[in-house]
Structures are given as C-alpha cells and as structure tokens.
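What follows is a single structure, written as structure tokens, with notes after it.
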Amino acid sequence: MRNRKVLFICTGNAGRSQIARALFVRLAGNDISAVSAGVAPWPALHPVARRLLTERGVDLAGIKPEHVDNFSSAKLDFIVTIGDPARQKTPVLGGNPVRIHWDISDPADADGTGKEDAAFRQAMEQIERRLPGLLAMIKNNKGNPLDVHLEPGISTCVVRPDRFSPSEHLPAFAAAGFKCIELNCFLGSSDFPWDMPGSIKELRSVSDDTGVRVYSVHAFGGLGSM
C-alpha cells in the first residue's frame, strides 16, 4: 500500500472532492497519498464546506482548488470522480489508474435556497459512507494496475469467440494460465452485450471468481472500418 496515490475529482474542487480527500486522509493515515482537483475549479473553497471541515478539526491552511489538468503527468493509482461533470470531463491521466465513480449531487446547487447547510451535510454523509469501502479496495488491490503487463494475458482482438461469455470463457482462460484479458467489442453487442448492466455485473463477478482481470473493454467502432 505504501505510496499509493488517489485523486478525488468533482466539478469545482470547492466542496465534495475536498471533503473526500480530507476525510480519507484521516481514515487512511500515512499509507496512501490523497489529493483532489476539479474540472472547473472555483477560486476558493465553498464557505459551507470550509466550515464543516473546520468543525471536524481539519486544517485547511493553504488549501485551495486545483485544476485536474495539473495532474496530467502524475502517477496515479486510483481516481474517484464525484458527480457526472467530473466523470464526463476528466481527461486521461497518468499512471493507468483504476477509475471509480460516485454519483453524489453537487451541494452547491442549493446555494441561495437557505438549505445549503443541509445539502453539504448530506453530501458529506454520502462521501463518508463510501470511504471505508474505498480504503478496503485499495488495500485488497494486488498492485499498481500497470503490473498487469507482467502477467500472461489474452486478447479477443487476436482470439475471437463467436460471442464472448464470461461464465464459459474466463474459467477456460484461467485454466490455461492466463491472468488478464483485453476484451474487444468492435462488433458491438454481437461480441458481448457490454451495454447491459447485468452483463457487466456477470463479467465482474466471474472475473473476481477466476482471478482473470479484465484489463480493458473496447466498444464498437474501434478497429479499421468496423
């Protein structure tokens, strides 16, 4: 775990991602480095976020919003996007990080309604509930995602079943000694129904059971004229 780095990203880096970073640092201690950024950073922290974190005893001296582009060359292990704008606008960042998304609404949308305090407290509670699971995920991670390149792998770009079936093919790959798979879906759902939540849930479950890691899933239209 030593020297793992996680980046929390929200829209303005004025509330949710700052709260997540601060509370995660308190939970994880010194084993993991945590930073935060925004896709459209505010000039300063939201006053309600600052007050709530100060109530928790968080030292905010020198803390100010940063743009996610500042981390374009950083070697990151995990990225946590908070809210859809962060997920949609976060660029490709260095380190081949594991990406995690939390669907937590922006409490700043309550500005001017008289419900700002309640909105920020609700967002803080939602974030805090997720932090132990994130820490457990990082602890259980076998290493930097780049380490997958050191394992024997197979790609459906080279070996193409008529239709990829996680329950059929991943156990066979595992029995053959493969540790990871590059799953190409260039023909769309006829390759694998990647657009169906149930199929993705099955893929994740069988991957966990067999120990065959899914390195990437490429969607329709990525190869030549197909």
Side-chain angles (χ1 to χ4, degrees), residues 1 4-9 32 37 39 68 71-104 130 133-226:
M1 285 178 55
R4 297 287 181 86
K5 192 167 189 176
V6 56
L7 171 63
F8 295 96
I9 305 170
I32 303 169
V39 294
V68 67
F71 297 91
S72 59
S73 60
K75 293 182 178 180
L76 302 166
D77 298 294
F78 291 83
I79 289 176
V80 180
T81 53
I82 308 176
D84 285 341
R87 177 171 58 182
Q88 295 164 1
K89 297 179 182 180
T90 293
V92 175
L93 299 175
N96 191 30
V98 174
R99 292 186 64 151
I100 300 157
H101 181 68
W102 293 347
D103 186 15
I104 300 175
R130 288 168 167 83
L134 174 64
L135 180 59
M137 178 186 297
I138 295 175
K139 286 182 176 180
N140 293 329
N141 188 267
K142 296 179 180 179
N144 189 295
L146 288 174
D147 292 345
V148 76
H149 293 296
L150 305 178
E151 301 285 0
I154 190 169
S155 171
T156 60
C157 188
V158 179
V159 180
R160 297 184 64 79
D162 290 336
R163 183 177 176 84
F164 177 77
S165 167
S167 60
E168 177 185 355
H169 294 112
L170 287 186
F173 294 156
F178 292 108
K179 299 296 185 182
C180 58
I181 178 175
E182 179 187 37
L183 178 56
N184 294 281
C185 301
F186 294 125
L187 302 183
S189 291
S190 61
D191 274 336
F192 172 71
W194 55 270
D195 50 348
M196 301 294 291
S199 298
I200 298 301
K201 183 178 180 180
E202 179 195 9
L203 177 62
R204 180 180 292 114
S205 176
V206 179
S207 172
D208 289 342
D209 290 343
T210 60
V212 178
R213 300 171 67 189
V214 182
Y215 175 63
S216 59
V217 179
H218 300 294
F220 175 78
L223 179 64
S225 61
M226 289 189 280

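Scope of the values below: all heavy atoms of this structure, side chains included, with no hydrogens, waters or symmetry mates.
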Taking atom [atom1] of [X] and atom [atom2] of [Y], what is their separation to the nearest 0.5 Å?
X: L135; Y: N140; atom1: CG; atom2: CG; result: 9.5 Å
X: L76; Y: L7; atom1: CG; atom2: CG; result: 5.5 Å
X: R4; Y: K139; atom1: CZ; atom2: NZ; result: 12.0 Å

Pairwise side-chain contact, [X] with [Y], heavy-atom cut-off 4.5 Å (strictly under):
X: V98; Y: I138; result: no
X: P171; Y: V206; result: yes
X: I200; Y: F192; result: yes
X: I82; Y: W102; result: yes
X: T210; Y: F173; result: no
X: R130; Y: I100; result: no

Practice prompt. Give a yes or no on whether the backbone of K201 and the side-chain of S205 come within a donor-acceptor separation of less than 3.5 Å.
Written response: no
Fill in: Under 3.5 Å donor-acceptor, D77 side chain and V6 backbone
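Flag not set: sc D77 to bb V6 has no pair under 3.5 Å.
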Discussion item. Just to verify, which of I79, T81, L134 counts as forming a side chain to side chain contact (heavy atoms under 4.5 Å, CB included) with F8?
Written reply: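 Running side chain to side chain contact (heavy atoms under 4.5 Å, CB included) over I79, T81, L134 with F8 returns exactly one hit, L134.
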Worksheet item: F164 pairs by side chain to side chain contact (heavy atoms under 4.5 Å, CB included) with which of D191, L203, N184?
Response: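 Result for side chain to side chain contact (heavy atoms under 4.5 Å, CB included) with F164: L203.
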Discussion item. Tell me every residue that passes ring-ring contact (aromatic ring centres under 6.0 Å, His included) with F71, counting only those two or more places apart in sequence or in another chain.
Written reply: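 Scan of F71 (ring-ring contact (aromatic ring centres under 6.0 Å, His included), adjacent residues dropped) gives none.
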Worksheet entry | Residues which pass ring-ring contact (aromatic ring centres under 6.0 Å, His included) with F78, listed by chain and number, not counting sequence neighbours |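 Per chain and number, F78 pairs via ring-ring contact (aromatic ring centres under 6.0 Å, His included) with no residue.
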Sequence neighbours left out, what passes side-chain contact (heavy atoms from CB on, under 4.5 Å) with [X]? Give chain and number order.
X: S165; value: S167, E168, H169
X: P91; value: V68, D69, L93
X: P193; value: R163, D195, M196, S199

Discussion item. Per the salt bridge (charged side-chain N to carboxylate O under 4.0 Å, His left out) rule, what does the pair list look like for residues 79-104, sequence neighbours excluded?
Written reply: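 For residues 79-104, and leaving out neighbouring residues, the salt bridge (charged side-chain N to carboxylate O under 4.0 Å, His left out) pairs sorted by first residue read D84-R87.
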Worksheet entry | Nearest atoms (heavy-atom pairs only) where E182 meets S155 | OE1-OG, 2.8 Å
Worksheet item: Considering all heavy atoms of both residues, which atom of P85 and which atom of V39 are nearest to each other, and what is their separation?
Response: O-CG2, 4.1 Å
